[in-house]
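Note sheet for the following structure.
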Amino acid sequence: MRIEPADLADPAVRGMIEFHQRDMLAVSPPGTSFALDVSGLSGPAVTLLGAWDGEHLLGIGAMKRLSTDTAELKSMRTHPDHLGKGVARALLEALIAIARDEGLARLSLETGTSAEFAPAIGLYTARGFVPGDGFADYVNGPHNQCYHLAL
């Protein structure tokens, strides 16, 4: 598996982003899904990575800078055919390394509270993310929760 910047012009990358959006809307109550579309994942504040096996895209992960010292994890998604193979972990580690290299102090994320989000929450907490207050425009509630990792 290789982790490298993902190109938004790549049909596989666009397809994974669209799949992620559809799935998040399907498993989240109305108004509680904040998955970014292709336009939201473009621009200089966003780093988008892909995990590849040859020409096959296994997953994506993004980091959006919120300030000079904080960033948010976005669009963490493994293709269903590749779950349990360490794809998300590899993407997460690469994004954390980038955040540290850039001198960021904190990496945050917002996620759901239902059973569908349990594997992701397990990954994040195993890596040291802790539950915390809302950030940016997020507010913790019955369907949303925020986590933070001090870098």
Side-chain angles (χ1 to χ4, degrees), residues 1-25 27-28 32-53 56-80 82-113 116-140 143-151:
M1 177 184 344
R2 71 182 191 283
I3 307 294
E4 59 187 33
D7 185 348
L8 289 171
D10 184 320
V13 172
R14 293 176 79 87
M16 184 74 72
I17 293 166
E18 291 164 3
F19 168 72
H20 179 63
Q21 267 197 301
R22 282 191 312 272
D23 189 54
M24 291 298 92
L25 287 171
V27 300
S28 303
T32 64
S33 175
F34 303 102
L36 296 176
D37 63 8
V38 171
S39 67
L41 291 170
S42 63
V46 177
T47 296
L48 178 63
L49 300 178
W52 299 87
D53 180 8
H56 296 95
L57 180 62
L58 308 176
I60 58 170
M63 179 176 70
K64 182 177 183 181
R65 286 146 201 84
L66 302 175
S67 70
T68 57
D69 65 349
T70 62
E72 174 185 7
L73 287 180
K74 296 297 294 181
S75 301
M76 294 290 291
R77 174 55 69 153
T78 300
H79 188 283
H82 301 288
L83 294 172
K85 297 179 182 177
V87 174
R89 181 173 288 111
L91 286 162
L92 179 60
E93 290 300 331
L95 290 165
I96 291 171
I98 291 168
R100 282 198 170 121
D101 288 348
E102 291 182 6
L104 299 179
R106 185 174 86 171
L107 195 53
S108 299
L109 65 95
E110 177 277 334
T111 191
T113 59
E116 292 89 352
F117 296 94
I121 294 165
L123 171 69
Y124 299 133
T125 57
R127 186 54 184 81
F129 283 81
V130 294
D133 292 337
F135 65 98
D137 294 329
Y138 302 117
V139 177
N140 287 327
H143 305 292
N144 299 81
Q145 56 190 329
C146 296
Y147 288 80
H148 309 281
L149 176 67
L151 301 171

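The chain is numbered in sequence order, starting from 1. The analysis underlying the following values was restricted to heavy atoms, covering all of them including side chains, and did not include hydrogens, waters or symmetry mates.
- When all heavy atoms of Ser75 and His20 are compared, the pair lying nearest together is CA-NE2, 3.6 Å.
- Heavy-atom minimum distance, Cys146 versus Gly134: SG-CA, 3.7 Å.
- In this structure, Tyr147 has its ring center at least 6.0 angstrom away from the ring center of Phe129.
- Considering only heavy atoms from C-beta on, Thr111 comes within 4.5 Å of Gln145 through its side chain.
- Distance check, rounded to the nearest 0.5 Å: OG1 of Thr47 to CG of Leu73 gives 11.0 Å.
- Looking only at side-chain heavy atoms (C-beta outward), Leu151 and Ile96 come within less than 4.5 Å of each other.
- Side-chain contact, Glu110 with Asn144: a donor N or O sits under 3.5 Å from an acceptor N or O.
- The backbone N or O of His56 lies less than 3.5 Å from no partner atom in the side chain of Asp53, so there is not a single donor-acceptor pair.
- For the atom pair CG (Leu91) and CG (Leu48), the distance works out to 9.5 Å, reported to the nearest 0.5 Å.
- For Asp69 (side chain) and Gly103 (main-chain N/O), no donor-acceptor pair under 3.5 Å exists by modelled atom type.
- Minimum heavy-atom separation, Ala6 to Gly50: CB-N, 3.8 Å.
- If you check the side chains of His148 and Ser108, you find a donor sitting under 3.5 Å from an acceptor.
- A distance of 11.5 Å separates OG1 in Thr70 from NZ in Lys64, rounded to the nearest 0.5 Å.
- Salt bridge Arg65/Glu72: absent, no basic N to carboxylate O contact under 4.0 Å.
- We find the OG1-CD1 distance between Thr78 and Ile60 to be 9.5 Å, quoted to the nearest 0.5 Å.
- One distance of note links CG of Leu123 with CZ of Phe117; it measures 14.0 Å at 0.5 Å rounding.
- Counting only distance, with no hydrogens or angles, the side chain of Glu4 and the backbone of Ala51 share no donor-acceptor pair below 3.5 Å.
- Among all heavy-atom pairs drawn from Ala62 and Val46, the shortest one is CB-CG1, 4.3 Å.
- Closest approach of Ile3 and Ala90 over heavy atoms only: CD1-CB, 4.0 Å.
- Considering only heavy atoms from C-beta on, Arg106 stays 4.5 Å or farther from Leu149 through its side chain.
- Thr125 contributes a side-chain N or O that, together with a main-chain N or O of Ile121, makes up a donor-acceptor pair within less than 3.5 Å.
- Pairing each heavy atom of Ala150 with each of Arg100, the nearest pair is O-NH2, 4.4 Å.
- Looking at Arg14, its side chain does come within 3.5 Å of a backbone N or O of Leu8 through a donor-acceptor pair.
- Note that the CG atom of Leu109 and the CE atom of Met76 stand 9.0 Å from one another [nearest 0.5 Å].
- Checking each of Lys85, Met16, Met1, His79 against Leu58 for a side chain to side chain contact (heavy atoms under 4.5 Å, CB included) leaves exactly one that passes, namely Met1.
- No side-chain donor from either of Ser39 and Ser42 sits under 3.5 Å from a side-chain acceptor of the other.
- Taking a cutoff of 4.0 Å between a charged side-chain nitrogen and a carboxylate oxygen, Asp23 and Arg77 qualify as a salt bridge.
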